[in-house]
Structure formats: C-alpha cells, structure tokens
Amino acid sequence: MPRKDSKASADAQFRARVLELVAQIPRGKVVTYGQVATMVDSPRSARAGGGVLSGLKSGPPTELPWHRVINSRGGVSAPNEPHRFQVQRALLEAEGVVFRENGTCDLKAFRWVAQGWSWE
DNA sequence: ACGATGACAGTTT
DNA sequence: CAAACTGCCATCG
C-alpha cells in the first residue's frame with residue numbers, strides 16, 4: 001500500500017515508534033535506551049529515545065510505561081529531577097524489579113527482548 | 001530558523 | 001578497576 005515519502009516526518013515516525021515499542025513492554029520487565037533505539041531505528045539514537053519520552057509533555061498524554069525504560073547500567077538516570085528518579089524506581093520495584101545496593105538491577109534477568117529479536 | 005539542552009552509550013585515559 | 005570525554009539524534013526555547 002502507498003507509503004508517504006520517507007523524507008516526511010522522519011522524526012515524528014521515530015517518536016511514534018518509540019512510544020509504541022515502550023507501550024509493548026510487559027510489566028516487570030525493563031529495556032535500555034540503547035535497545036529501544038536499536039529496535040526502532042538506529043542504535044545511535046539512544047539519547048533521542050530519552051528525548052522522545054521527555055517530549056511526552058508536548059506529545060500525546062499517553063500513560064506510557066516510560067518507567068520501564070532505563071539506561072545501560074540497568075538503573076534509573078538522575079537528572080535535575082530527583083523526584084522522577086525516585087518515582088521511576090518505586091514503580092519498577094512495585095512491578096517486581098529488584099534493585100541492587102548500587103541502585104542498579106540485573107538487566108540479564110529483567111531486560112525484555114521482543115520475540116524475534118536477539119540480544120547479547 | 002537557529003542554537004542550546006538532555007530521561008544515553010560507547011570508548012579511552 | 002574507576003572516571004572522563006566524545007559522538008548522536010530528537011526535542012525545546
């Protein structure tokens with residue numbers, strides 16, 4: 001079926017794809033920004049992935065499980081908003097994710113991989 | 001339209 | 001082993 005010009009809304013497509021993917025993350029599991037970026041388009045868009053979530057305020061008021069997206073350290077980032085940091089970690093723990101002393105969880109066990117996708 | 005910022009990742013010192 | 005720098009892409013002001 002007809003597809004719009006690829007040059008059109010490339011960034012918009014990226015955002016929509018990230019939101020859709022995050023929305024598919026099952027409860028109790030987590031994914032790193034790099035993984036999401038790789039799955040949606042480019043493995044170099046790790047930061048862009050975070051930009052999309054941060055841009056949620058200007059985007060759809062979705063109830064996206066953004067808290068299931070963490071950094072490669074397997075932990076939550078600590079930006080200028082320690083509040084979010086705290087909330088995200090609490091949500092993950094409430095879903096069954098266990099954090100270690102250093103504040104990071106075992107990605108080896110909690111990392112979600114979509115079917116058909118192979119991850120190290 | 002432009003410039004600066006940011007919820008990251010990977011590599012090197 | 002741990003800390004610091006650079007690179008990348010999208011969004012915000």
Side-chain angles (χ1 to χ4, degrees):
Chain A
M1 82 274 292
R3 184 69 262 155
K4 310 180 212 86
D5 300 333
S6 43
K7 83 183 194 89
S9 327
D11 39 301
Q13 286 287 296
F14 180 80
R15 183 180 71 170
R17 228 169 280 247
V18 173
L19 298 172
E20 191 176 351
L21 179 63
V22 175
Q24 290 161 64
I25 303 174
R27 173 178 165 289
K29 290 281 183 175
V30 292
V31 260
T32 66
Y33 290 98
Q35 184 178 354
V36 174
T38 302
M39 289 173 96
V40 297
D41 192 349
S42 199
R44 301 309 207 234
S45 311
R47 194 177 254 186
V52 175
L53 298 179
S54 78
L56 276 177
K57 64 186 183 78
S58 58
T62 159
E63 294 177 31
L64 212 70
W66 53 271
H67 58 261
R68 287 178 191 154
V69 186
I70 60 182
N71 56 26
S72 63
R73 298 187 299 188
V76 182
S77 307
N80 301 329
E81 251 59 36
H83 174 52
R84 239 229 317 338
F85 172 86
Q86 187 176 298
V87 173
Q88 181 167 4
R89 184 182 146 170
L91 285 164
L92 289 172
E93 287 189 306
E95 296 192 346
V97 179
V98 182
F99 283 82
R100 298 184 101 180
E101 300 266 330
N102 74 338
T104 60
C105 68
D106 191 335
L107 283 171
K108 192 79 158 64
F110 294 103
R111 185 187 296 167
W112 171 68
V113 182
Q115 186 170 50
W117 276 90
S118 53
W119 208 257
E120 48 181 311

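Each chain gets a letter, A, B and so on, in the order the sequences are listed, and its residues count up from 1.
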* Under the side chain to side chain donor-acceptor pair (under 3.5 Å) test, which residues partner E95(A), sequence neighbours left out? ->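 Here the qualifying residues are H67(A), R68(A).
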
Detail all sub-3.5 Å separations between protein N/O atoms and N/O atoms belonging to nucleotides 9-13 of chain B.
residue	atom	partner	partner atom	Å
dA9(B)	OP1	S72(A)	N	2.6
dA9(B)	OP2	S72(A)	N	2.6
dA9(B)	OP2	S72(A)	OG	3.2

For atom [atom1] of [X] and atom [atom2] of [N], their distance in whole Å:
X	N	atom1	atom2	result
F14(A)	dT11(C)	CZ	P	8 Å
R17(A)	dA10(C)	CZ	P	12 Å
R15(A)	dA10(C)	CZ	P	13 Å
L53(A)	dT5(B)	CG	C1'	16 Å

* With R84(A), which residues qualify under salt bridge (Lys or Arg N to Asp or Glu O under 4.0 Å), at least two apart? ->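 Residues passing salt bridge (Lys or Arg N to Asp or Glu O under 4.0 Å) with R84(A): none at all.
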
* Could you pull out all residues at least two apart from E81(A) that satisfy salt bridge (Lys or Arg N to Asp or Glu O under 4.0 Å)? =>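 E81(A): no salt bridge (Lys or Arg N to Asp or Glu O under 4.0 Å) contacts found.
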
Under 3.5 Å, sequence neighbours excluded: what are the donor-acceptor pairs made by side chains of residues 113-120 of chain A?
none

* Applying the 4.5 Å side-chain criterion to the ILVMFWY set and letting contacts propagate, would F85(A) and L92(A) be lumped into a single cluster? ->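 In one cluster with F85(A): L92(A), yes.
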
* Would you classify G50(A) as touching base, sugar-phosphate or nothing, given that sugar-phosphate means primed atoms plus P, OP1 and OP2, and contacts are heavy atoms under 4.0 Å? =>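 The residue G50(A) makes base contact.
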
* Please, which pairs that meet side-chain hydrogen bond (donor to acceptor under 3.5 Å, both in side chains) have at least one residue in residues 98-111 of chain A, sequence neighbours excluded? ->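 Qualifying pairs: N102(A)-T104(A).
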
* Closest to side chain of S45(A), choosing from dA10(C), dC9(C), dA7(B) ->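 So the nucleotide nearest the side chain must be dC9(C).
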
